[in-house]
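Everything below concerns the one structure shown next.
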Protein chains: 2
Amino acid sequence: MHDVARLAGVSQSTVSRVLSTSTSQVPISEETRQKILNAVQELGYQPNMTARSLRTQRSQMIAIMIGDISNAFYHPIVRAIQDVARARDYDVLISNSDHVYENERRFLDTVLRRPVDGIVMAPHRLSTEELDQFILRSHIPVIALGAQVEHTLMDVVGGTSEPATYEAVAWLIQEKGHRRIGFISTIDDMPPGPARCKGYQRAMLDAGLSIEPGYILKHAFTLDGGRHAMHEYLAQPNPPTAIFGANALMAIGAISEAQALGYRVPQDFAIMGFDDIPEATIIHPHLTTVVRNLPEIGVQLAEILFERIDGEVSGPGRFFQSKWMLVERGSV
Amino acid sequence: MHDVARLAGVSQSTVSRVLSTSTSQVPISEETRQKILNAVQELGYQPNMTARSLRTQRSQMIAIMIGDISNAFYHPIVRAIQDVARARDYDVLISNSDHVYENERRFLDTVLRRPVDGIVMAPHRLSTEELDQFILRSHIPVIALGAQVEHTLMDVVGGTSEPATYEAVAWLIQEKGHRRIGFISTIDDMPPGPARCKGYQRAMLDAGLSIEPGYILKHAFTLDGGRHAMHEYLAQPNPPTAIFGANALMAIGAISEAQALGYRVPQDFAIMGFDDIPEATIIHPHLTTVVRNLPEIGVQLAEILFERIDGEVSGPGRFFQSKWMLVERGSV
DNA sequence: CTGAAAGCGCTAACAG
DNA sequence: CTGTTAGCGCTTTCAG
C-alpha cells in the first residue's frame, strides 16, 4: 500500500480511503482517485485481508458447517450460499462434521479463533445450550438449518420434518392402502430422525394403526445405512409393506438393497424418502419423496444471515418455516 | 492475551511464548507455564488467528478449488484433504468453480488477498501461464489434480486420463467386440475431455476402426450433459453400440436417458464411464468404469502440499502418476 | 528465564 | 479534500 501511495504521490491513508469500500463519507478528488487507481493497476496491488480484518474486526468470511459432504441434500444449499456470499465479496469456510460430536465442537472452536462474520450450520450433535453459550460468547450471528434446534438466540430455517412426514405417511395409509409401515430413523436419536419419527408415529396413531416392534429401525444417515435397514426388515418374519426413510439417501439405499436381493419396488415394498436429490431420479423406480426447494432454502439462509451481519436485524432468534410438497414417482 | 497475562501475573509476551507453538527455543519455567495455562483455562481464552497470521505471515489455512460440488468424484478427495488438514490444525477454504473461467480467476484473486498457506485445485479453465504467473507472484505452494496441467511450477497428481481411457476403449473393442464406439467429451475442450478423448482416438486407431462423424459429442460435465448426449446419439441414423463417457456423471446420465426412452443397457447400448461414484452402483445396471482410489488421491494431494508448506520440498513442480483399474459391472 | 518494545498491513479518528 | 497518528492482537527481537 505504501508502494501504491508513493507511485501515486499521495499518503498511504489516502490510498486506504479510496480502496476501502466502507469509508465513503470522506470525499476524494476525482483526480487523486484516478492516480491511485492507476497505481493500483500498475502494481497489481491486492489489499491484505488479514490486516484489514485485524483492524476492522470483520473478516469478510462466513463459515458453513454441513453434516456430510457426500449427501447431495447439502449441495444446492452450499452452492446457493456460496453464490450469495460471492456476490457480496465474502469468502466461505466449509466444514464437514460427518455427524461427529468432536467435529462439531471443533468447528465452534475454529470460528472462535478465526472470527468469521456469520455462520450457517446444520447441527446434529451440539445441544441448544452449547450453541447458545457459543453465541453469547462470540456474538457471531448464527443461522441453523433444521427444526431440531430450539431457536433462542439463533435464527432457524426448517420445521418441515414433523408435518411433512405426517402428511407423507398419512398419504401412504389413505391413498396407497398400506397398514404395515416401517420407519428408518437415525442412530443416537440424532436430528432430524426423532422429529420425522414423531410425524410417522402421529400418522400411524391417527389412522389407528399399531407400530409393531421392529418397524422403527435406527441407522446411519447414508446409503449404506438404508441398505442395512432393508436387510434387517427382510430378516423379519412379517416385514412392513411400506417403508419411510428419514432421508433420501437411506430410502435409496433401501431400494437398492431390496432389488439386489431380488425384491420388487414398489410391488413388494413401497419406499418413500425425505428430500429430493439427483440419485432419486437415477434409481429405478424413481423415489417418491418429500420435496423442498433446496436452492431457495440456501438463498434464504444466506440472506437471513446477512441481515444480521449487516446489522439490519438484532435480538432473539427468528424461525422460518420451509414449504414442501409430496412428489409421487415410481417407488410407491 | 493481556487478561491472561494479568491473571497469571506475567507479561503478555510470556503468555505468547507459552501459547505459540513455534517458539520452543526459549525455555519457560514449568511454574510460569502452569500459571499461564491455568489462566487460559479459566478465561477460556482462544488466540486470535487473524492477529497471529498478520504477524507470522502464515494463515494456518489451505484453500481447495473444485470443479463442481455436485460431482461426487470430488467428495472423497475433499474429505480426505479436510481430514489431513484437520489433523494439522489447518482450516480449509473451499471454492466451487462450476467450471466457469471467472470463478477460477476470482479464486486466484481471493487467495492473493487472503493469503493461504497452500492450495489444492482442479483447474479447468485457467491456462498454465495464468497459473504459473500466480505462483510466481504469490509464492503460495499449489498442487493440481489432473494431468491436464503442465507441471512447471506446481505439483500435479494425475495422468490417468489418456492411458486409462485407451485401455478401457481397447477392452471394449477386443473383449466386448464393439466396433462402433462413441465418446462423450466436454464442451470448450475443457480438461479432462481432450486427454481422455485422445486415449479413445488412439485405441480406435490402433484397432483400425474409424471414428465416424457424430461419434464424438461435447457436453457439460454433468448428469444432464450425459442425458443430452444420449439424446443426440439416438437421433443418429446409425448410432454407436458402445459409448464411453468422459466422466461417471455423464455416463450415468446417458444410461438414465437411454432407459427412459425404452432402450436396454447393455443390450442396445454398452455404456462405460470414468471414476467410481456412489451413483455408479445405484443405477441398474451398475456402471462399468475406470476406478481410482479417490480417498488415497486426496490424502496424497494434501501430504504433497504440506511437504512444500513445511519447506521440506522446494523447486520445480513434481508429477505423481495415479493408478487405476477397470471394474466391470453390468453396463457393458 | 522474563519483560519491554517494535511492527505485521491496514482503517479511522483527528487535525488541518 | 488530504496527511499524521494511533492502534487491531499477536510474535519476536533485544535487553536484562
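Predicted model, so just to flag it, every value in this text is computed and none were measured.
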Provide the full list of ring-ring contact (aromatic ring centres under 6.0 Å, His included) pairs with a residue in residues 52-86 of chain A, sequence neighbours left out, each pair given once.
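Applying ring-ring contact (aromatic ring centres under 6.0 Å, His included) to every pair that reaches into residues 52-86 of chain A, excluding sequence neighbours, yields A/His75-B/His75.
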Applying salt bridge (charged side-chain N to carboxylate O under 4.0 Å, His left out), name anything that partners [X], two or more places apart in sequence or on another chain.
| X | answer |
| --- | --- |
| B/Arg55 | none |
| B/Arg114 | A/Asp91 |
| A/Arg137 | none |

So which heavy atom on A/Leu126 is nearest to which on A/Tyr101, and how close?
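Taking A/Leu126 first and A/Tyr101 second, the nearest heavy atoms are CD2-CE1, 4.1 Å.
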Just to confirm, is there a sub-4.0 Å distance from OP1 or OP2 of D/dT2 to any side-chain nitrogen or oxygen of A/Thr32?
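The answer is yes; a side-chain N or O of A/Thr32 sits under 4.0 Å from OP1 or OP2.
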Return the residues of residues 3-11 of chain B meeting this criterion: a heavy atom under 4.0 Å from some atom of DNA chain C. Order them by number, or give none.
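The stretch gives B/Val10, B/Ser11 as the residues lying under 4.0 Å from the strand, ordered by number.
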Separation of [X] atom [atom1] from [N] atom [atom2], in whole Å?
| X | N | atom1 | atom2 | result |
| --- | --- | --- | --- | --- |
| B/Ile28 | D/dT11 | CD1 | P | 12 Å |
| A/Glu30 | D/dT2 | CD | C1' | 15 Å |
| A/Ile36 | D/dT2 | CD1 | C1' | 10 Å |
| B/Arg58 | D/dT12 | CZ | P | 11 Å |

Is A/Ser29 touching bases, backbone alone, or none of the nucleic acid, heavy atoms closer than 4.0 Å?
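Sugar-phosphate, backbone atoms only, no base.
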Does any non-hydrogen side-chain atom of A/Arg125 lie less than 4.5 Å from one of A/Asn103?
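A/Asn103 does not reach A/Arg125 side chain to side chain.
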What pairs with B/Tyr90 under ring pair (Phe, Tyr, Trp, His ring centres under 6.0 Å), at least two apart in sequence or on another chain?
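With sequence neighbours excluded, B/Tyr90 shows a ring pair (Phe, Tyr, Trp, His ring centres under 6.0 Å) to B/Phe306, given in chain and number order.
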Set of residues satisfying ring pair (Phe, Tyr, Trp, His ring centres under 6.0 Å) with respect to A/Phe221, sequence neighbours excluded
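Only A/His99 meet the ring pair (Phe, Tyr, Trp, His ring centres under 6.0 Å) criterion with A/Phe221.
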For nucleotides 14-16 of chain D, tabulate all protein N/O to nucleotide N/O atom pairs closer than 3.5 Å, reporting atom names and distance.
none

Output all residues satisfying side-chain hydrogen bond (donor to acceptor under 3.5 Å, both in side chains) with A/Arg105, sequence neighbours left out; order by chain, then residue number.
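side-chain hydrogen bond (donor to acceptor under 3.5 Å, both in side chains) check on A/Arg105 returns A/Glu130.
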Check side-chain hydrogen bond (donor to acceptor under 3.5 Å, both in side chains) between A/Glu296 and all other residues, then give those that pass, not counting sequence neighbours.
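A/Glu296 satisfies side-chain hydrogen bond (donor to acceptor under 3.5 Å, both in side chains) with A/Asn293 once adjacent residues are dropped.
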Scan nucleotides 7-10 of chain C against the protein and return all N/O pairs shorter than 3.5 Å with their distances rounded to 0.1 Å.
unit_1, atom_1, unit_2, atom_2, d
C/dG7, N2, B/Arg55, NH1, 3.3
C/dC8, O3', B/Gln57, NE2, 3.0
C/dC8, O2, B/Arg55, N, 3.4
C/dG9, OP1, B/Gln57, NE2, 3.4
C/dG9, N2, A/Ala51, O, 3.2
C/dC10, OP1, A/Tyr45, OH, 2.4
C/dC10, OP1, A/Asn48, N, 2.9
C/dC10, OP2, A/Met1, N, 3.4
C/dC10, OP2, A/Tyr45, OH, 3.4

Considering only heavy atoms and no angle criterion, is a donor-acceptor pair shorter than 3.5 Å present between the side chain of A/Ser13 and the base of D/dT4?
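Yes, the side chain and the base share a sub-3.5 Å donor-acceptor pair.
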Sequence neighbours excluded - salt bridge (charged side-chain N to carboxylate O under 4.0 Å, His left out) pairs with any residue from residues 308-317 of chain B:
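For residues 308-317 of chain B: B/Arg88-B/Asp310, B/Asp155-B/Arg308.
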